[in-house]
Amino acid sequence: MINKQDIFNLRNLMYLYALSKTKNKKAVSDEFGISIDTLNKYIIDLENSIKTKLVFSNARGTMINPEGQLVLEIASEIAQKLHFFDSYVHGENQYRGNVRFRTSGPLIEYVSSPRFLDFTRLYPNIKVEANITSNASDLHALETDVSIDYFPPTDKDSVLIKEQKIKFGLFASPSYLEEHGRPKDLNDLYDNHRLCLKTGPSTKIPCVAGLIKNMKQIAYSSDSVMVFKTALDSGLGIGFCPVTTGRRHLVLLDNLEFDYDVDVYLIAHRNTKDIPRIRVFINYIKNVLEKNYVI
């Protein structure tokens, strides 16, 4: 039989779990509408209950110690089970609620393009929470339902929905080409031109890694896709982008012999992929990827 202390421990454990994701007590207190003092009390109560110190603070924020990491494994499993309630929604409400989407910078275009308007008109009550990351997607703790990644899934909770080649290319703004000219070939690019770089998983793609290795001058790099695109638009250098999105404002350097095709992977969490609102979002992304690179 569950008792009152079990209820308190469950509540406190979930606050510890939230804190482990942000490492910032103020962010958690703002998110859940409690004071930092109350949050501290919940964590201390949990530590007293299991007679184990779980957190410590340093210049980087509030960190979880090794004992706390063991406790978080339990919290992660509970968080996954709580999300199972989503699958009990039926009728008109089955297409209502949040879909948590995660991807790397340039690939976010697949859920922010004009075509996405069609999806929102069909499903106005589905809210897509798009998270741009500089790391590979992690679906384990059910913090993400769907992702597009540069690498196939490796954990047991992720299911590969589709693998697709996406055409990428090297682009420059008209102002850059007016000032520096178009590279005649790859050697000219490497020796005499400037590269703008979006850091993150894409830099591990062989053709991009080779580009970075050979370029004599990297003029600008950022982990923000918006900052990266602003740098390209401003004429700071040449950048690597999906062909369909780059053509909007930039010039494709299609005279260069460069490996433009990149494998991307549509991935979903095995426990939520068949929930109706998530399934229709998966089908939307899958359809976009299949349309011959057209966004």
Side-chain angles (χ1 to χ4, degrees), residues 103-118 132 134 148-152 162-266 284-295:
T103 191
S104 180
L107 300 179
I108 195 64
E109 299 283 356
Y110 288 95
V111 289
S112 59
S113 66
R115 184 182 293 273
F116 188 57
L117 287 174
D118 296 336
I132 303 175
S134 295
I148 303 178
D149 214 328
Y150 291 109
F151 300 98
K162 183 172 182 59
E163 177 182 351
Q164 178 75 44
K165 287 189 179 297
I166 298 297
K167 193 170 289 296
F168 278 66
L170 295 173
F171 288 85
S173 69
S175 62
Y176 177 88
L177 296 177
E178 182 178 346
E179 181 175 353
H180 300 279
R182 179 188 287 255
K184 299 179 181 63
D185 52 32
L186 287 178
N187 288 330
D188 184 26
L189 171 74
Y190 297 149
D191 294 339
N192 303 308
H193 288 270
R194 301 154 57 89
L195 182 69
C196 286
L197 180 63
K198 166 65 179 71
T199 57
S202 61
T203 59
K204 298 178 182 178
I205 300 169
C207 61
V208 181
L211 179 67
I212 295 169
K213 180 180 178 181
N214 288 308
M215 288 295 298
K216 289 187 176 179
Q217 185 175 9
I218 297 179
Y220 199 89
S221 67
S222 175
D223 64 352
S224 164
V225 66
M226 295 306 299
V227 172
F228 163 72
K229 292 177 78 171
T230 299
L232 279 184
D233 290 342
S234 300
L236 293 182
I238 293 170
F240 182 75
C241 307
V243 167
T244 48
T245 60
R247 285 189 187 278
R248 295 178 188 171
H249 310 291
L250 304 168
V251 178
L252 174 63
L253 306 180
D254 52 6
N255 63 303
L256 300 178
E257 296 180 2
F258 194 77
D259 183 3
Y260 295 125
D261 288 340
V262 174
D263 289 316
V264 298
Y265 302 87
L266 175 59
Y284 155 72
I285 297 291
K286 184 179 178 182
N287 182 60
V288 170
L289 290 174
E290 290 174 344
K291 293 296 184 182
N292 196 26
Y293 315 136
V294 177
I295 298 179

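No hydrogens, no waters, no symmetry mates; every other heavy atom, side chains included, goes into these values.
Counting only heavy atoms from C-beta outward, the side chains of Leu189 and Asn214 never approach each other to under 4.5 Å. Using a 4.5 Å cut-off on side-chain heavy atoms (C-beta onward), Leu170 and Pro183 make no contact. Under the 4.5 Å side-chain criterion, counting only non-hydrogen atoms from C-beta, Ile238 is not in contact with Phe171.
Of the inter-residue distances, the one linking Phe151 atom CZ with Asp263 atom CG reads 10.0 Å to the nearest 0.5 angstrom. With rounding to the nearest 0.5 angstrom, the NZ atom of Lys229 is 7.5 Å from the SG atom of Cys241. Atoms CZ and CG, on Arg182 and Asn255 in that order, are 5.0 Å from each other to the nearest 0.5 Å. Atoms CG and CG, from Leu232 and Leu197 in turn, are 10.0 Å apart once rounded to the nearest 0.5 Å. Atom CG of Asp185 sits about 7.5 Å away from atom CG of Leu256, to the nearest 0.5 Å. Atom CD of residue Gln164 and atom CD1 of residue Ile285 lie 12.5 Å apart, to the nearest 0.5 angstrom.
Heavy atoms only, all atoms of each residue included: Met215 and Arg194 are closest at CE-C, 4.0 Å. The shortest non-hydrogen separation linking Tyr265 to Tyr150 is CE1-O, 3.4 Å. When all heavy atoms of Ser173 and Gly235 are compared, the pair lying nearest together is OG-CA, 3.3 Å.
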Test side chain to side chain contact (heavy atoms under 4.5 Å, CB included) applied to Val262 and Phe240, step by step: CA-CA 11 Å; Val262 174; Phe240 182 75; 3.9 Å; yes
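Judged by distance alone, the side chain of Thr199 and the main-chain N or O of Ser222 form a donor-acceptor pair under 3.5 Å. The backbone N or O of His193 sits nowhere less than 3.5 Å from a side-chain atom of Asp188 that would complete a donor-acceptor pair. Listed for the Tyr220 side chain is no donor-acceptor partner under 3.5 Å among the backbone atoms of Val227.
Using the six-membered ring where Trp is involved, Phe116 and Tyr284 have ring planes that are tilted, between 30° and 60° apart.
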